[in-house]
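Scroll down for the structure; my scribbles are underneath it.
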There are 2 protein chains.
Amino acid sequence: MVQIPKAAAPSSTTPPLPHSVPTSADVARLAGVSRATVSYVLNNTSAVRISEPTRRRVRAAAEELGYVPHAAARSLRAGHSRIVLMPTPAVPMGPLYHGFIDELQWALGRLDYTVVQHGSVGLRGEEAARAWAELRPVAVLVPGTGIGPEGVAVLRRSGARAVVTIGPEAVEGAHAVLLDHHSVGHRAGAHLYARGRRRIGVVVPEERGLGVFSRPRLEGVRRALSGTDGTVTELPLGYDEESAARLAARWRALGLDAVFAYNDEYAMLLMRALQDVGLRVPEETAVVGADDLMLGRLLRPRLSTVHIELPAGRDLAELVDRAVRDPGGAPERRTVRGATVVHRESS
Amino acid sequence: MVQIPKAAAPSSTTPPLPHSVPTSADVARLAGVSRATVSYVLNNTSAVRISEPTRRRVRAAAEELGYVPHAAARSLRAGHSRIVLMPTPAVPMGPLYHGFIDELQWALGRLDYTVVQHGSVGLRGEEAARAWAELRPVAVLVPGTGIGPEGVAVLRRSGARAVVTIGPEAVEGAHAVLLDHHSVGHRAGAHLYARGRRRIGVVVPEERGLGVFSRPRLEGVRRALSGTDGTVTELPLGYDEESAARLAARWRALGLDAVFAYNDEYAMLLMRALQDVGLRVPEETAVVGADDLMLGRLLRPRLSTVHIELPAGRDLAELVDRAVRDPGGAPERRTVRGATVVHRESS
DNA sequence: TTGAAAGCGATACCAG
DNA sequence: CTGGTATCGCTTTCAA
């Protein structure tokens, strides 16, 4: 552990500042009052009346010293924090997800929570949960499948009053926002079938970690076509031009008349490659993406897509807040079924 | 402030757990040793030799109770944290930036820092700095222009051993990674001029907050053309199809033969709109983007772009680590000049 | 209206 | 080798 001398010998570049961080005791000393009074004034404690002159002296002293309260000390004393922890997913997420996180963060901020994104490098399961628990968050929002029942238990034991998973499956003991990837695939499959397509390809990204999302989407397409004369073909695809070109090269051999491309970005990649080998979209092959990015509207043909209605950041923030206030409540499971096909020109 | 009873009356759904969080004292009690010994064992303190049987008893007790150390208490005692704070920029950032952040977070994690992203809702300048300072981070990485010299001073006074700004301009007292947007524009301008274009438009996004980046880029184009027979026209553009369509509708009237579109996303938006009104790219109008996203390679014509060489997350992480270990060192200013034109088909 | 003091959880010194 | 104990910065009774 690094040694930090409490007061370094003033270097020549920093003349007059031995530079120890001011505490409330320093403020008290300067204002000529007790630390208690400082606390009362700075927190506007209503249960106690402090004379106006005293208040002014305290505030002035705090200002002069540049006093900033110490969050860790405060929450140690209080016995709880306002930290909402969000592990950063190891998987590269798209713009849809990033937008969602931004909104959520903003909404939680409004409710006076401090959002902490924690990149847990290479830790998994219980080990990761333990690392998160050290921060004693009041709530934990876990995207994807970064946690199991044991992990949830660890967090609850460490005082987390709410654990919410955001992903394809629920976890014992935690609240869950269930992103129904299955229905995303199902909608896409049904749409393509309804438009007369029968031999349907489904892109499965090769990027590791995406399987959690792509598998249920694939499964959804399968389900949509089961019992019909339609067939489903799995198409591994890496997110790069060569991979797409390779796939496009053997496209005619595959004999497919439609493809659900996992999401809009893979769809753009693949559609481009198909057009480059002379395939006509949608005449010879229909293409459907997902996520409804701006991008899709700009393609020619305009990309059909599955619009996914993520929960508003505000709603999720309120779910968290409710769970924190009533930690005894039964785990809420909220399934997001907002998948709808946006039919444009590519299908 | 919310009142949280220390031990809630066990609700009917949670039968046998009054559920107070285990502390090192609990572990000590269960293991039949003192808290000191627990600390020694759990931290593998080498200065002190503890007998193997005792170690086992302590570890077993910790395991049984599900003990997790309390980060706040620890760093309170230690007098410093390993927190690196990164305020989330209020401005919507693109995939380039998100990738950079991910990498940085990962690299800092490897150096055993805890990265905390803090969404400071609506706070600005010194006020924001104060909110950040409450967490007593050992270092603060500020993207964009979220902080001034006073803010830096607040953070340093609160014990931050390194403040690094990542953006277009340096701030007194802080280390700086200078993203040279000026040269991005300059490169684009010079490229277009060299290819015979003379009446050059420059897209300026209407989205608020992007001005910090777009202004220097515009200025760079101006500089590249100053003293030549080329002209520069400022083109406000919102990130939506209508705005692009409006701009495209009056394009011929503008009499431009080239446009630097701020970045690849705006470039795609605009190029699409131009093509939709029958303009040929690049014959009638050349288009250049920036950021070198995958997206650009997929467009037809393939999008020329300015590739921006962001510092590797690893390098920046090392800069932070160095600054933390030697807080007296003079502020490093590292200018990122890695802007190079990638000439494809649209120019 | 203000002050003294206890204590949150963990660590590290100094005795034993 | 192990156990008291002071301490980090802050809040909050309880007394004065």
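By convention in this document, chain letters (A, B, ...) are assigned in the order of the sequence lines, proteins followed by strands, and residues within each chain are numbered from 1.
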Given [options], which nucleotide is nearest the side-chain atoms of [X]?
X        : options                  : value
Tyr40(A) : dT13(D), dG3(D), dC10(D) : dT13(D)
Val48(B) : dG9(D), dG3(C), dT2(D)   : dT2(D)
Ser51(B) : dA6(D), dC1(D), dA6(C)   : dC1(D)
Ser39(A) : dG9(D), dG3(D), dT11(D)  : dT11(D)
Val33(A) : dG9(D), dG3(D), dG3(C)   : dG3(C)

So, is [X] close to the [N] phosphate, meaning a side-chain N or O under 4.0 Å from OP1 or OP2?
X        : N       : value
Thr37(A) : dT1(C)  : no
Ser24(A) : dC10(D) : yes
Ser34(A) : dG3(C)  : yes

Whole-Å gap separating [atom2] ([N]) and [atom1] ([X]):
X         : N       : atom1 : atom2 : result
Arg136(B) : dC10(D) : CZ    : C1'   : 11 Å
Arg35(B)  : dC1(D)  : CZ    : P     : 23 Å
His70(B)  : dC8(D)  : NE2   : P     : 18 Å
Arg29(A)  : dA4(C)  : CZ    : C1'   : 16 Å
Asn43(B)  : dA12(C) : CG    : P     : 7 Å
Arg56(A)  : dT1(C)  : CZ    : C1'   : 16 Å
Arg57(B)  : dC1(D)  : CZ    : P     : 15 Å
His80(A)  : dC10(D) : NE2   : C1'   : 13 Å

- Task: Mind checking Thr45(B) for me? I need base, sugar-phosphate or nothing, with any heavy atom below 4.0 Å counting as a touch.
- Result: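 The residue Thr45(B) makes no contact with any strand.
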
- Base, sugar-phosphate alone, or nothing: which one does Thr54(A) contact when heavy atoms must sit under 4.0 Å apart?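 It contacts sugar-phosphate atoms only.
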
- Are any of the side-chain nitrogens in Arg322(A) or Asp326(A) under 4.0 Å away from the carboxylate oxygens of its partner?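 A salt bridge is absent here (no side-chain N lies under 4.0 Å from a carboxylate O).
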
- Query: Do NZ/NE/NH1/NH2 and the carboxylate oxygens of Arg59(B) and Glu63(B) come within less than 4.0 Å?
  - Reply: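 No, this pair does not count.
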
- Message: Return whichever of Arg77(B) or Gly32(B) has its heavy-atom-nearest nucleotide of DNA chain D closer to the 5' end.
- Response: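 Of the two residues, Gly32(B) wins.
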
- Between Arg161(A) and Pro327(A), which heavy-atom pair has the shortest distance, and what is it?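 Taking every non-hydrogen atom into account, NH2-CG, 3.1 Å.
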
- Which pair of heavy atoms, one from Thr37(A) and one from Ile50(A), lies closest together, and at what distance?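 Closest heavy-atom pair between Thr37(A) and Ile50(A): CG2-CD1, 4.0 Å.
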
- Criterion side-chain contact (heavy atoms from CB on, under 4.5 Å) against Arg334(A), the qualifying member of Ile166(A), Leu178(A), Val164(A), Asp315(A):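 That would be Asp315(A).
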
- Is there a donor on the side chain of Tyr67(A) or the base of dC10(D) sitting less than 3.5 Å from an acceptor on the other?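 Between dC10(D) and Tyr67(A), which were checked side chain against base, a qualifying N/O pair under 3.5 Å is absent.
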
- More than 12 foreign heavy atoms under 6.0 Å from CZ of Arg57(A): is that the case here?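 For Arg57(A), atom CZ is crowded (more than 12 foreign heavy atoms under 6.0 Å).
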
- Task: Map Arg49(A) and Ala36(A) onto DNA chain C by nearest heavy atom, then report which one ends up closer to the 5' terminus.
- Result: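 Whichever sits nearer the 5' end wins; that is Arg49(A).
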
